[in-house]
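Please read the structure below before turning to the comments.
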Amino acid sequence: MGACLLGLAAHAHDFKAGDITIDHPYATPTVMEQKTVAVYFRHLSNGGDKADRLISASTPVARAVEIHHMAMDGDVMRMRAIPALDLPAGQSLELKQGGPVHVMLLDLKQPLKDGARFPLVLRFERGGEKEVMVWVQTPRRRGDEGAAHVH
């Protein structure tokens, strides 16, 4: 019975919105009076034959949510809000900690503690709206951060 429950837990953190699979949404715990935090995903995968786009998100734990892209501008790392995140047909994007793309929660209403979970509503152009649960977790090991890229 334990192996069966373990198997269910392993799949409990994947969500579907149309052809989009949302794999393991997570955020890191906040410190002190931190008012912003990024949400990452192991993968956002488009299993369909048509492109889709993540167009917005919302959560009750923050005043606003934006899709952000980070890039170097000379010697300075700059983060900017982008209107949408393209999800090409048949491809998967990693939005891991340390990568250039993430969902940013602005003006947090409460600290995020390790082990907590909170809802995040994602809105896709074709896949519609899906509420997912974001796990707040301390990264397991150094070097686990990866850049967002297309597979």
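Basis for what follows: all heavy atoms, side chains included, without hydrogens, waters or symmetry-related copies. As the structure is a prediction and not an experimental result, all values here were calculated from the model.
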Any heavy-atom pair between the side chains of [Y] and [X] that's under 4.5 Å?
X	Y	value
I55	L85	no
I67	L54	yes
V39	Y26	no
Q110	V61	yes

With rounding to the nearest 0.5 Å, note down the distance linking [atom1] in [X] to [atom2] in [Y].
X	Y	atom1	atom2	answer
L87	D19	CG	CG	11.0 Å
L120	M133	CG	CE	10.0 Å
L44	Q91	CG	CD	13.0 Å
M104	M79	CE	CE	3.5 Å
H24	F41	NE2	CZ	11.0 Å
Q137	Q97	CD	CD	9.0 Å

Checklist entry - Any side-chain donor-acceptor pair under 3.5 Å between E66 and H102? => result no

Next on the checklist: Pairing donors with acceptors under 3.5 angstrom, does anything connect the side chains of S45 and T21?
Outcome noted: no

Backbone N or O of [Y] within a donor-acceptor pair of the [X] side chain at under 3.5 Å?
X	Y	answer
S56	R123	no
D114	P29	no
D86	P88	no
T28	T138	no
Q34	V31	yes
D73	M77	no
K96	R42	no
D52	R126	yes

Check for me, please, whether [X] and [Y] land in the same ILVMFWY cluster - side-chain distances under 4.5 Å, paths through other members count.
X	Y	value
F15	L105	yes
Y40	V121	no
L106	M70	yes
L108	V136	yes

Item to check | Chi angles and distances behind the salt bridge (charged side-chain N to carboxylate O under 4.0 Å, His left out) call for R63, D107 | outcome: CA-CA 5 Å; R63 180 190 53 77; D107 195 15; 3.4 Å; yes

Next on the checklist: Can you confirm whether more than 12 heavy atoms, excluding those of K35, are under 6.0 Å from its NZ atom?
Outcome noted: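 Enclosed.
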
Checklist outcome for this item: Closest heavy-atom pair, A57 versus V103, reported as atoms and distance to 0.1 Å, is CB-CG1, 4.4 Å

